[in-house]
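To keep things clear, I will list the structure first and then write my remarks on it.
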Amino acid sequence: MQLVRNWALLVLVATAFQLSAADDAKAEQKFAAILIWGTDDEKPTEKEKDLKDVDPALKEKFKKIFKWKNYFEVTRTNASVKVGEPKHLKLSKKCEVKINQTEKEGMDVELIGENKTVYKGKHSMPLKDILILAGDDKNATAWFVVLKPE
Amino acid sequence: MNTRDMHLKVQAYLDNELSPAEARKVGTWISSNPEGRDLFNELKETREILMQNEPVLKLPESRDFFWSKIEREIAAAERLPAEPEPRPWWTRLLAPLAGTVALFALLFSLVDRGSGHMDLSQSHDAAPLHQLEGAPDVSTITFRSEAEGVTVVWLSTQ
């Protein structure tokens with residue numbers, strides 16, 4: 001009888017632990033925020049150290065969707081967002097992203113360029129797609145802010 | 001068979017559009033007739049030049065993205081409010097009159113009634129009529145590629 005009681009207790013504790021872990025996983029969204037620069041030219045020699053190659057899988061997607069020949073990673077930040085814990089990510093001197101996950105309305109994404117809000121939008125949670133906010137840059141180049149679920 | 005018909009047959013022979021019997025007949029004519037051989041060679045060269053130089057229009061973006069932009073433009077155009085009904089003719093006469101009255105009202109408000117001089121300093125203290133918002137006008141196009149698992153929000157400043 002004692003053995004059965006011990007087993008039952010063990011199963012109960014394990015189930016509770018599993019449920020709690022599942023809840024945590026559901027509430028938390030991990031992703032990489034990447035600032036990418038797209039150009040038809042080669043990597044400028046003066047920025048050789050600053051610009052990295054975009055990872056091949058992402059580059060392949062970019063080549064299928066966008067028209068530029070080369071894509072370079074400017075910065076990358078890993079982050080995790082939880083409900084009620086807004087995150088403010090600084091990707092460069094001019095580019096910042098604010099992310100706020102809400103329980104009912106999904107994820108609010110705010111893009112700030114040179115201290116001005118240029119985009120605010122809601123996206124469903126959990127974020128399954130790669131979200132790319134992008135726009136034209138000078139000299140026929142383009143910038144991309146990528147939020148990639150991980 | 002006249003020359004024109006023969007030309008058409010040679011063209012059809014070149015395009016593999018003839019029956020086997022006809023093709024044999026035209027083939028024999030070409031090989032035995034110098035004029036036929038010249039015509040065949042000329043048509044063949046023309047065909048090759050056309051095939052090699054046919055312009056291929058390549059979209060600078062993916063097909064899905066291109067069509068989604070058109071779809072969104074159409075949807076945006078459909079959302080525009082219908083044009084208002086034309087105003088009655090008498091409002092056209094009233095508009096310049098109202099403008100003149102407004103101008104006089106403004107002049108009278110600026111003139112110092114006691115001295116009859118304009119008090120321009122008043123305008124320095126007056127509150128501005130309106131304030132422009134500092135935020136830039138940004139339009140967005142959203143595109144989702146299910147195949148790539150990517151959602152793109154393209155921002156354009158106007």
Contact winner vs chain B - A:Gly135, A:Gly121, A:Ala134, heavy-atom pairs under 4.5 Å:
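Top option by heavy-atom pairs under 4.5 Å: A:Ala134.
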
Using non-hydrogen atoms and a limit below 4.5 Å, what part of [range] faces chain B?
| range | value |
| --- | --- |
| residues 137-150 of chain A | A:Ala142, A:Trp143, A:Phe144 |
| residues 70-79 of chain A | none |
| residues 37-46 of chain A | none |
| residues 48-59 of chain A | none |

Supply the atom-to-atom distance [X] [atom1] to [Y] [atom2], rounded to the nearest 0.5 angstrom.
| X | Y | atom1 | atom2 | result |
| --- | --- | --- | --- | --- |
| A:Glu60 | B:Glu148 | CD | CD | 8.0 Å |
| B:Gln11 | B:His7 | CD | NE2 | 11.0 Å |
| A:Lys64 | B:Ser145 | NZ | OG | 8.5 Å |
| A:Leu91 | A:Ile112 | CG | CD1 | 10.5 Å |
| A:Phe66 | B:Trp154 | CZ | CH2 | 6.0 Å |
| A:Glu110 | A:His88 | CD | NE2 | 8.0 Å |

Modelled atom types, side-chain donor and acceptor of B:Glu45 and B:Asn41, under 3.5 Å
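The criterion, which ignores hydrogens and geometry beyond distance, is not satisfied for B:Asn41 and B:Glu45.
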
Hey, is the main chain of [Y] close enough, under 3.5 Å, to the side chain of [X] for a donor-acceptor pair?
| X | Y | result |
| --- | --- | --- |
| A:Lys98 | A:Lys87 | no |
| A:Asp129 | A:Leu131 | no |
| A:Ser92 | A:Lys94 | yes |

For the [atom1] atom on [X], are there more than 12 heavy atoms of other groups (residues, nucleotides or ligands in this structure) within a distance under 6.0 Å?
| X | atom1 | answer |
| --- | --- | --- |
| A:Lys69 | NZ | no |
| A:Lys122 | NZ | yes |
| B:Glu73 | CD | no |
| B:Glu17 | CD | yes |

Taking only Lys NZ, Arg NE, NH1 and NH2, and the carboxylate oxygens of Asp or Glu, determine whether B:Arg144 and B:Glu146 approach each other closer than 4.0 Å.
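So B:Arg144 pairs with B:Glu146 through a salt bridge.
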
Between A:Lys61 and A:Ile130, does the side chain to side chain contact (heavy atoms under 4.5 Å, CB included) criterion hold? Intermediate values first, please.
CA-CA 10 Å; A:Lys61 286 183 191 291; A:Ile130 295 174; 4.0 Å; yes

List the steps and the verdict of side chain to side chain contact (heavy atoms under 4.5 Å, CB included) for B:Asn16 and B:Leu18.
CA-CA 6 Å; B:Asn16 286 325; B:Leu18 294 178; over 6 Å; no

